[in-house]
Amino acid sequence: MQDCIFCKIVRKEIPSQIVYEDERVVAFKDINPVAPVHLLLIPKEHLANILDINEANAELVGHIHLVANKLAREAGIAEKGFRIVTNCNKEGGQIIYHLHYHLIGGEQLPNFA
Ligand code: 5GP
Ligand code: ZN
């Protein structure tokens, strides 16, 4: 999508610290990390959020989980623990409308209320 900031990261039109890339997924460091490890995992295909996941593309989610598993191990946070979050729409706290999964860890994370 032309004006989508994460599509621009996929196309390398704006800089980012990419830590992983394959034919379907890019992972890069969040520009405003909330923990020592804070990566964003995104599909290269522009999907707005998880409401755009359907029968035809659902396998992508499994692939993103495999990549999250690998990146958590590589970051050294797998054993101690980490969190995967995807925000959906306004009340879910979504700011960027390109599907992304936050991979967060490296310290004790707060429990949800
Ligand atoms: P959301 O609230 O949509 O789930 O989170 C969007 C995330 O994208 C935020 O954590 C924010 O810091 C991150 N972000 C926004 N713009 C950029 C950018 O240009 N580069 C990078 N690396 N992260 C970004
Ligand atoms: Zn996009």
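Whatever order the structure lists ligands and atoms in, that order sets their numbers, starting from 1. All figures in this text were calculated on a predicted structure; none of them were measured in a lab.
Scanning all heavy atoms of the two residues, the minimum distance from Tyr101 to Ile84 falls at CD2-CG2, 3.9 Å. Between Pro43 and His98, the shortest heavy-atom distance links the atoms O-NE2, 2.8 Å. Here the closest heavy-atom approach between residue Ile77 and residue Gly105 is recorded as CD1-CA, 4.0 Å.
Heavy-atom proximity to atom 11 (C) of ligand 1, evaluated over Asn32, Asp30, Ile9, is greatest for Asp30.
Annotation: atom 2 (O) of ligand 1 to nearest protein heavy atom, Gly93 O, 2.8 Å. Shortest contact from atom 19 (O) of ligand 1 to any protein heavy atom: Ile5 CD1, 3.5 Å. Protein heavy atom nearest atom 22 (N) of ligand 1, with residue, atom name and distance: Lys29 O, 2.9 Å. The nearest heavy-atom contact from the protein to atom 17 (C) of ligand 1 is Ile31 CG2, 3.8 Å.
Here Val85 has no heavy atoms under 4.0 Å from ligand 1, in either its backbone or its side chain. Counting heavy atoms under 4.0 Å from ligand 1, residue His100 touches it through the side chain alone. Only side-chain heavy atoms of Leu40 come within less than 4.0 Å of ligand 1; its backbone N, CA, C and O stay farther off.
No single ILVMFWY cluster, assembled from side-chain heavy atoms under 4.5 Å apart, contains both Val61 and Val26. Criterion: ILVMFWY side-chain heavy atoms under 4.5 Å apart, direct or through other members. Under it, Val67 and Leu39 are part of a common hydrophobic cluster. Hydrophobic cluster membership differs between Tyr97 and Phe28, with clusters built from Ile, Leu, Val, Met, Phe, Trp and Tyr side chains linked at under 4.5 angstrom. Taken together through direct or relayed side-chain contacts under 4.5 Å among Ile, Leu, Val, Met, Phe, Trp and Tyr, Leu60 and Ile42 form parts of separate hydrophobic clusters.
For ligand 1, the atoms sitting less than 4.0 Å from at least one non-hydrogen atom of Ile95 are 1 (P), 2 (O), 3 (O), numbered in the order shown with element in parentheses. Per-residue contacts place Phe28 under 4.0 angstrom from the following atoms of ligand 1 (heavy atoms of the residue considered): 21 (C), 22 (N). Under a 4.0 Å criterion applied to the non-hydrogen atoms of Asn87, ligand 1 contributes the atoms 1 (P), 2 (O), 4 (O).
Residues Leu99 and Asp52 form no side-chain contact, since every pair of their non-hydrogen atoms from C-beta on lies 4.5 Å or further apart. Counting heavy atoms from C-beta on, the side chains of Phe6 and Met1 never come closer than 4.5 Å.
At least one heavy atom of Phe6 sits closer than 4.0 Å to an atom of ligand 1. Ligand 1 has at least one atom lying under 4.0 Å from a heavy atom of His102. Residue contact check for ligand 1: Ser16 places no non-hydrogen atom closer than 4.0 Å to it.
Checked against a 3.5 angstrom limit, the closest N/O atoms of His38 and ligand 1 fall outside it.
In this pair, His38 and His102 present their aromatic rings tilted. The plane angle is within the 30 to 60° band.
Counting only protein atoms, the N, O or S atoms lying less than 2.8 Å from the Zn ion (ligand 2) are Cys4 SG, Cys7 SG, His46 ND1, His98 ND1, ordered by chain and residue number.
Annotation: cation-pi geometry satisfied between Arg83 and Phe112 (NZ/CZ under 6.0 angstrom from ring centroid, within 45° of ring axis).
Residue pairs meeting the salt bridge (Lys or Arg N to Asp or Glu O under 4.0 Å) criterion with at least one partner in residues 18-44, sequence neighbours excluded, are Lys12-Glu21, Glu21-Lys44, Arg24-Glu59.
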Using the rule given for side-chain contact (heavy atoms from CB on, under 4.5 Å), can you reason through Leu41 versus Leu71, listing the C-alpha separation, both sets of side-chain angles and the distance that settles it, and then say yes or no?
CA-CA 10 Å; Leu41 283 62; Leu71 294 180; 4.2 Å; yes

